[in-house]
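Only one structure is covered here, and it is reproduced in the block below.
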Amino acid sequence: MARLIIMGPPGSGKGTQAEYIARHFGVPAISTGELFRAHVRDGTELGAEAGRYMDHGEFVPDHVTTAMLRGRLENNDAGAGFLLDGYPRTVAQIGALDELLAARQQALEVVLALTVSNDELVERMLRRAREQGRSDDTEAVIQRRLELYRDETQPVIMAYSQRGILLTVDGSGDRDAVTASAIAAARSRLADG
Ligand code: AMP
């Protein structure tokens with residue numbers, strides 16, 4: 001079973017790609033952003049706390065995010081494999097994930113990183129804001145999210161690159177083509193892909 005991570009800047013289409021790639025490998029796509037949005041929609045206490053950060057493009061504190069992910073990974077569907085979307089986003093979260101997986105005697109197999117130019121990202125996010133009305137898609141918030149990605153999440157990509165499990169995929173252009181190259185890249189690394 002595949003244990004994968006997909007990374008990419010806000011607006012890179014990683015959420016959509018995650019769904020298709022996860023379906024291909026028969027594992028659940030687990031998006032911490034989606035989990036938070038579900039809590040916000042359901043009006044839970046966690047949603048109220050997370051929403052305060054999300055609306056400003058800030059990261060939700062690591063301990064809150066990691067506790068939520070731990071709970072989600074305990075679901076049966078994630079027993080053998082999963083595709084994480086949006087976690088880890090900080091170097092501290094890498095360590096937290098390592099601990100979670102070590103306790104399950106599991107290892108990560110592949111980290112996919114989608115690359116998209118900055119101009120295309122901003123344009124895509126503004127379009128998404130019009131179409132989906134996400135409260136964290138205003139221009140100031142978008143800039144903040146891109147800045148955090150560069151400062152906090154790029155080092156995560158570097159760390160996985162040093163571990164030798166990073167695969168970079170060109171995320172610009174046709175959605176189906178991006179999905180196909182991401183799947184091909186991941187399969188080349190997965191024993192039973
Ligand atoms: P996303 O849908 O992945 O773009 O996530 C939306 C928002 O949820 C982010 O801008 C953060 O506020 C929050 N979030 C999602 N994942 C994490 C994470 N791993 N660490 C901290 N905050 C997160």
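Whatever order the structure lists them in is the order used to number ligands and atoms, beginning at 1. In this text the structure is predicted, and so the values were computed from the model without any measurement.
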Quick test of your reading of the model: are [X] and [Y] salt-bridged, counting only N-O distances below 4.0 Å?
| X | Y | answer |
| --- | --- | --- |
| Arg37 | Asp42 | no |
| Arg163 | Asp98 | yes |
| Glu58 | Arg144 | yes |

### Message
Under a plain distance cut-off of 3.5 Å, with no hydrogens placed, do Arg175 and Tyr20 share a side-chain donor-acceptor pair?
### Response
yes
### Query
Between Asp62 and Thr90, does any side-chain donor sit less than 3.5 Å from a side-chain acceptor?
yes
N/O contact list for ligand 1, threshold under 3.5 Å:
{"unit_1": "ligand 1", "atom_1": "2 (O)", "unit_2": "Arg37", "atom_2": "NH1", "d": "2.9"}
{"unit_1": "ligand 1", "atom_1": "2 (O)", "unit_2": "Arg37", "atom_2": "NH2", "d": "2.9"}
{"unit_1": "ligand 1", "atom_1": "3 (O)", "unit_2": "Lys14", "atom_2": "NZ", "d": "3.2"}
{"unit_1": "ligand 1", "atom_1": "3 (O)", "unit_2": "Arg89", "atom_2": "NH1", "d": "3.1"}
{"unit_1": "ligand 1", "atom_1": "3 (O)", "unit_2": "Arg89", "atom_2": "NH2", "d": "3.0"}
{"unit_1": "ligand 1", "atom_1": "4 (O)", "unit_2": "Arg89", "atom_2": "NH2", "d": "3.1"}
{"unit_1": "ligand 1", "atom_1": "4 (O)", "unit_2": "Arg145", "atom_2": "NH2", "d": "2.8"}
{"unit_1": "ligand 1", "atom_1": "5 (O)", "unit_2": "Arg89", "atom_2": "NH2", "d": "3.4"}
{"unit_1": "ligand 1", "atom_1": "12 (O)", "unit_2": "Glu58", "atom_2": "O", "d": "2.7"}
{"unit_1": "ligand 1", "atom_1": "16 (N)", "unit_2": "Thr32", "atom_2": "OG1", "d": "2.8"}
{"unit_1": "ligand 1", "atom_1": "16 (N)", "unit_2": "Gly86", "atom_2": "O", "d": "3.3"}
{"unit_1": "ligand 1", "atom_1": "16 (N)", "unit_2": "Arg89", "atom_2": "NH1", "d": "3.0"}
{"unit_1": "ligand 1", "atom_1": "19 (N)", "unit_2": "Gly86", "atom_2": "O", "d": "2.8"}
{"unit_1": "ligand 1", "atom_1": "19 (N)", "unit_2": "Gln93", "atom_2": "OE1", "d": "3.0"}
{"unit_1": "ligand 1", "atom_1": "20 (N)", "unit_2": "Gln93", "atom_2": "NE2", "d": "2.9"}
{"unit_1": "ligand 1", "atom_1": "22 (N)", "unit_2": "Val60", "atom_2": "N", "d": "3.1"}

### Nearest atoms (heavy-atom pairs only) where Pro28 meets Arg72
CB-NH2, 3.8 Å
